[in-house]
2 protein chains.
Amino acid sequence: MIVLDYRDKRPLNEQVAEKIMNLIAQGGLSPGEKLPSVRNLALDLSVNPNTVQRAYAALEEKGYITTITGRGNYVSDEGNWKAGLKSEMITEVKVVVGKAKSAGIKLDEALACVREVFERD
Amino acid sequence: MIVLDYRDKRPLNEQVAEKIMNLIAQGGLSPGEKLPSVRNLALDLSVNPNTVQRAYAALEEKGYITTITGRGNYVSDEGNWKAGLKSEMITEVKVVVGKAKSAGIKLDEALACVREVFERD
DNA sequence: ACAAGTGTATTAAATGTCTTAATACAGTTA
DNA sequence: TAACTGTATTAAGACATTTAATACACTTGT
């Protein structure tokens with residue numbers, strides 16, 4: 001389900017959260033679907049249960065999953081996270097484009113980047 | 001010359017390097033111009049000389065400055081870094097736009113982001 | 001009621017990175 | 001020669017991440 005990258009310098013809990021988020025955002029995990037238990041996923045990833053716990057807590061905080069004590073974690077409906085994700089992505093794009101601009105990248109070049117990415121099907 | 005942001009969670013040496021890089025990229029520091037000495041900049045920023053030293057080492061590694069032992073650090077000619085910076089920025093933009101795309105952002109929305117950033121003068 | 005599985009919380013220890021500090025050494029300049 | 005440059009090393013502290021070992025509360029199925 002998930003493969004961790006130990007060359008990545010970001011914390012493991014963030015990596016886990018991000019990878020699950022991507023699965024959810026792209027439909028690899030559907031609303032209502034049950035996630036692995038904290039302990040099972042920890043075993044799967046050879047990671048401490050606390051690490052998974054933190055990842056799940058972050059995901060719930062952002063609306064991607066719903067946690068029910070004693071039962072487990074379930075993927076939330078799109079309505080709970082889609083808007084937030086979108087605005088987060090837009091902010092991120094703007095930040096990076098701003099950096100690129102101040103590094104000397106021109107409008108046309110930035111637009112070309114975007115088009116190129118969207119042409120990859 | 002530089003103001004550090006202690007809320008920023010990135011290492012100080014990276015922050016220093018990035019801020020100087022921005023100054024160079026935007027012409028605030030011209031090729032041939034002398035940078036503050038390791039010790040002086042450290043005093044200015046209330047930071048350890050080792051921290052500045054690491055920042056300068058990173059900048060030399062990327063071609064932004066030239067270090068001459070005993071003399072100091074000097075801004076390199078554009079030829080040494082401009083191309084690298086540009087391709088680095090373009091890669092970064094593509095990565096983020098790719099993330100945004102897979103999160104559901106549409107082409108028009110991404111283009112709008114870019115235009116908005118470039119309209120801020 | 002019970003056992004097994006869930007999430008949650010806490011505390012302690014280990015680890016790794018960043019930063020400071022104190023020095024020392026080597027090259028350049030006036 | 002004195003005062004400035006960059007460079008290197010070692011030790012210590014601070015901090016975040018991760019592991020580990022428990023304990024507790026809730027849910028499910030028998």
Side-chain angles (χ1 to χ4, degrees), chain A residues 1-21 24 29 31-76 80, chain B residues 1-21 24 29 31-76 80:
Chain A
M1 180 188 189
I2 288 182
V3 177
L4 292 176
D5 176 6
Y6 280 90
R7 291 162 308 178
D8 192 328
K9 65 198 168 205
R10 286 176 310 160
L12 294 177
N13 56 59
E14 275 181 32
Q15 276 188 61
V16 173
E18 193 198 59
K19 286 176 194 294
I20 293 177
M21 190 200 74
I24 294 176
L29 286 169
E33 196 166 339
K34 185 174 185 178
L35 294 163
S37 75
V38 169
R39 290 171 179 80
N40 278 341
L41 184 53
L43 275 179
D44 253 39
L45 303 178
S46 298
V47 127
N48 193 276
N50 288 336
T51 301
V52 174
Q53 157 82 6
R54 277 166 206 132
Y56 279 5
L59 289 169
E60 199 195 17
E61 163 87 19
K62 293 194 177 183
Y64 292 101
I65 67 177
T66 302
T67 300
I68 307 175
T69 297
R71 292 200 57 200
N73 292 275
Y74 300 85
V75 178
S76 302
N80 291 286
Chain B
M1 181 185 186
I2 288 182
V3 177
L4 293 176
D5 177 6
Y6 280 90
R7 291 162 307 179
D8 192 329
K9 65 196 169 210
R10 286 176 310 159
L12 294 177
N13 57 58
E14 276 182 32
Q15 276 188 60
V16 174
E18 194 197 57
K19 286 177 194 292
I20 293 177
M21 189 200 75
I24 295 176
L29 286 169
E33 196 165 340
K34 185 174 185 179
L35 293 164
S37 75
V38 169
R39 290 171 178 81
N40 278 340
L41 184 53
L43 275 179
D44 253 39
L45 302 178
S46 299
V47 127
N48 193 276
N50 289 335
T51 301
V52 174
Q53 156 83 6
R54 275 163 208 135
Y56 279 4
L59 289 169
E60 198 195 18
E61 163 87 18
K62 293 194 178 182
Y64 293 102
I65 68 178
T66 302
T67 300
I68 308 176
T69 297
R71 293 199 55 201
N73 292 273
Y74 299 84
V75 178
S76 302
N80 290 286

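With hydrogens and angles left out, the side chain of B:Arg39 and the base of D:dG6 share a donor-acceptor pair within 3.5 Å.
Distances were taken from every side-chain heavy atom of A:Arg71 (C-beta onward) to each of C:dT29, D:dT28, C:dT8; the shortest belongs to D:dT28. For B:Asn13, taking side-chain heavy atoms from C-beta onward, the closest of the listed nucleotides D:dT27, C:dT19, C:dT6 is C:dT19. Distance from the side chain of A:Leu12 is smallest for D:dT18 among the nucleotides C:dT8, D:dT18, C:dA26. With C:dA21, C:dT8, D:dG6 as the candidates, the nucleotide lying closest to the side chain of B:Tyr56 is D:dG6. The side chain of A:Asn40 sits closest to C:dT6 out of C:dT6, C:dT8, D:dT19. Taking the side chain of A:Pro11 as heavy atoms from C-beta on, and the options D:dT17, C:dA21, D:dT7, the nearest nucleotide is D:dT17. Among D:dT19, C:dT20, C:dT6, the nucleotide with an atom closest to any side-chain atom of B:Val47 is C:dT20. Comparing atom distances between the A:Thr69 side chain and each of D:dA25, D:dG6, D:dT18 picks out D:dA25 as nearest. Among D:dA20, D:dA8, C:dG7, the nucleotide with an atom closest to any side-chain atom of B:Asn50 is D:dA8.
Nucleotide D:dT18 holds its C1' atom 15 Å from the CG atom of A:Asp8, rounded to whole Å. To the nearest angstrom, P of D:dT5 lies 14 Å from CD1 of B:Ile68. One atom, CD1 of A:Ile65, and another, P of C:dT6, lie 14 Å apart when rounded to the nearest Å. Rounded to a whole Å, the NZ atom of B:Lys9 is 14 Å from the P atom of C:dC18. Regarding B:Asn73, its CG atom lies at a distance of 11 Å from the C1' atom of D:dT7, rounded to whole Å. Atom CZ in A:Arg7 sits about 19 Å away from atom P in C:dG16, given to the nearest Å. Rounded to whole Å, the distance from CG on A:Leu4 to P on D:dT17 is 16 Å. Between the C1' atom of C:dT17 and the CG atom of B:Asn48 lies a distance of 15 Å, rounded to the nearest Å.
Closest of all the heavy-atom pairs between A:Ile2 and A:Lys19 is CG2-CD, 3.6 Å. The two residues A:Leu35 and A:Met1 make their nearest non-hydrogen contact at CD2-CE, 4.1 Å.
Residue-environment remark: NZ (B:Lys62) stays at or below the threshold of 12 foreign heavy atoms within 6.0 Å.
In this structure, A:Gln15 contributes its side chain and A:Asp5 its backbone to a donor-acceptor pair below 3.5 Å.
OP1 or OP2 of D:dT19 sits under 4.0 Å from a side-chain N or O of A:Thr51.
Both B:Arg54 and B:Gly70 lie close to DNA chain D; mapped to their nearest nucleotides by heavy-atom distance, the more 5′-ward contact belongs to B:Gly70.
Between A:Asn73 and A:Thr67, the side chains place a donor N or O and an acceptor N or O closer than 3.5 Å (distance only, hydrogens not considered).
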